[in-house]
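Here the structure is laid out as structure tokens; the discussion comes afterwards.
None of these values were measured; they are calculated from a predicted model. Only this structure's heavy atoms are used, side chains among them; waters, hydrogens and symmetry mates stay out. Below, chain A is the first sequence line, B the second, and so on; all start at residue 1.
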Amino acid sequence: MSPADFPRIQSAPLSLDALIADGRDDCGALTIFAGTVRNHHDQRPVEYLVYTAHAPLADKMIREIEREVAARHRATVCRVVHRIGRLGIGESAILAVVRAPHRAEAFAALRAVVDAVKHRVPIWKEEFYSDGSSAFVTGCCIAEADDAGAASAPRHAHEHDHDHDHDHAH
Amino acid sequence: MSPADFPRIQSAPLSLDALIADGRDDCGALTIFAGTVRNHHDQRPVEYLVYTAHAPLADKMIREIEREVAARHRATVCRVVHRIGRLGIGESAILAVVRAPHRAEAFAALRAVVDAVKHRVPIWKEEFYSDGSSAFVTGCCIAEADDAGAASAPRHAHEHDHDHDHDHAH
Amino acid sequence: MEIKVQCYGPTRRYTGAEFVTLTLHEPATVADALARLGERGDEFAQLLRQCAVAVGDELVRRTRPLQTGDELALLPPVAGG
Amino acid sequence: MEIKVQCYGPTRRYTGAEFVTLTLHEPATVADALARLGERGDEFAQLLRQCAVAVGDELVRRTRPLQTGDELALLPPVAGG
């Protein structure tokens, strides 16, 4: 199976090798991002995470984001896979790979595709702590801004979000 | 040998696996850059490259740049290896790896460390073309700006440099 | 008419189940289904205002008319990666 | 005094060899060594103005005094990656 055909939402451990198997002779730059499970969040010790997704919609949206980011940043290859299920500390939740002729585009596209997937794709992260409790990580509203009845301001539910990772471009 | 102890200038093919072997439970973000040999440059078909370096100085400077970038961008791990010798199309000339608690730092540090190594470390790239000719890729002057007698304006020898990859921060 | 709602992420904490069936008067829209769910409590109603809704693999607006047998996916704020 | 110069990258195209030995009148500085090399041609002299110089694994300035036996590394503009 070509990397381009992979399901973007996977319950098995993610393989970087599989994702970069197809080299490109016309690309001088390869950038990779791996988002891995940290052993703490806001000073609370984390035991493991459980990711869930609306898999068909998430798969479709990730492919759309890949195409959109590749076109905008003139990247040749742009690819993201996200894992669901239970993940231990150090495991990869998300892998993103970009190939571009030059490095400036590869850096920009990598950052853009990871941010877009984190902010727009129906995936949820529940953290399980050492004391036995758990909590969903507060995230981004994906209802369209002009969808009557949906909260449009603030667009993101940030009240309890102290995750510095969660930095928006706006 | 721990990845931290690797020689930064290597004549054998670079191994990404070796460079990311030591995971970090406190880091949520891993970013990787690979600069690979393209099959063309300015529309000229490239057959192979030869990289040369002032190895002792280059090794020392890469380690300094790693420390400097890690401190500035609060990255936990920052590591670069550069290959020398003859490289075929698709082979990696440079690998950079950054680990940081959060992705914003990991993206910024990756870009910064790659740019710094490309602009400041005594490494030279000679391209060999299909017609049998060769040329050194024009680069950046690394003499100190106030070193009397050294060309200080322009600081970089850009007259014949159409490599879009070669984008300076200034 | 009967509408099935699949609850993703933290919305399940408020419904207590992955699937909820709603009985609505016709004609009804996605907004009506959300309003009915919101009767379960203020905190949930607040979360519902931050939810997107999908049918199949398409995001739909709150103005979309519903038909018997529609299955809605309730998508609260996302946090991948 | 005799000074050895190791030529890196494209500088070798102008000297025709990796190592060049220069005989300079004392006292002499790095700048004097570069001036002597620059006598080989205008194009090389221009490249020399864009060169850094190292002794061992230290970059040195053009004002650095030279001693017999010093080995200079001639470092033209770099292009790694």
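Note that CG of Leu59(C) and CG of Asp147(A) are 9.5 Å apart. Values are rounded to the nearest 0.5 Å. Considering CZ of Arg62(C) and CG of Asp146(A), their distance stands at 11.0 Å, rounded to 0.5 Å. Glu126(A) CD to Arg12(C) CZ: the interatomic distance, rounded to the nearest 0.5 Å, is 9.5 Å. Note that CH2 of Trp124(A) is 7.5 Å distant from OG1 of Thr11(C), once rounded to the nearest 0.5 Å. A distance of 8.5 Å separates OH in Tyr8(C) from CG in Leu57(A), rounded to the nearest 0.5 Å. Here the CD atom belonging to Gln50(C) is positioned 10.5 Å from the SG atom belonging to Cys140(A), to the nearest 0.5 angstrom.
Within a 6.0 Å sphere centred on CZ of Arg74(A), heavy atoms belonging to other residues, nucleotides or ligands number 12 at most. More than 12 heavy-atom neighbours from other residues, nucleotides or ligands sit within 6.0 angstrom of CD on Glu64(A). Other residues, nucleotides and ligands contribute at most 12 non-hydrogen atoms within 6.0 Å of the CG atom of Asp42(C). Within 6.0 Å of CZ in Arg86(A) there are 12 or fewer heavy atoms belonging to other residues, nucleotides or ligands. The 12-atom threshold is exceeded at CD of Glu18(C), counting heavy atoms of other residues, nucleotides or ligands nearer than 6.0 Å.
No part of Ala55(A) comes within reach of chain C, as not one of its non-hydrogen atoms sits under 4.5 angstrom from that chain. When heavy atoms are compared at a cutoff of 4.5 Å, Ala53(A) approaches chain C solely by way of its backbone atoms N, CA, C and O. When heavy atoms are compared at a cutoff of 4.5 Å, Val30(C) does not approach chain A at all. With a 4.5 angstrom heavy-atom cutoff, Arg120(A) touches chain C only via backbone atoms. Using a 4.5 Å cut-off between heavy atoms, Glu58(C) touches chain A through backbone and side chain atoms alike. With a 4.5 angstrom heavy-atom cutoff, Ile94(A) touches chain C only via side-chain atoms.
Of the possible polar contacts, one joining the Lys60(A) side chain to the Asp57(C) backbone as a donor-acceptor pair under 3.5 Å is found. Of the possible polar contacts, one joining the His82(A) side chain to the Gly81(C) backbone as a donor-acceptor pair under 3.5 Å is found.
Across all their heavy atoms, Ala79(C) and Gly139(A) have their closest contact at CB-CA, 4.1 Å.
Counting only heavy atoms from C-beta outward, the side chains of Val78(C) and Val121(A) never approach each other to under 4.5 Å.
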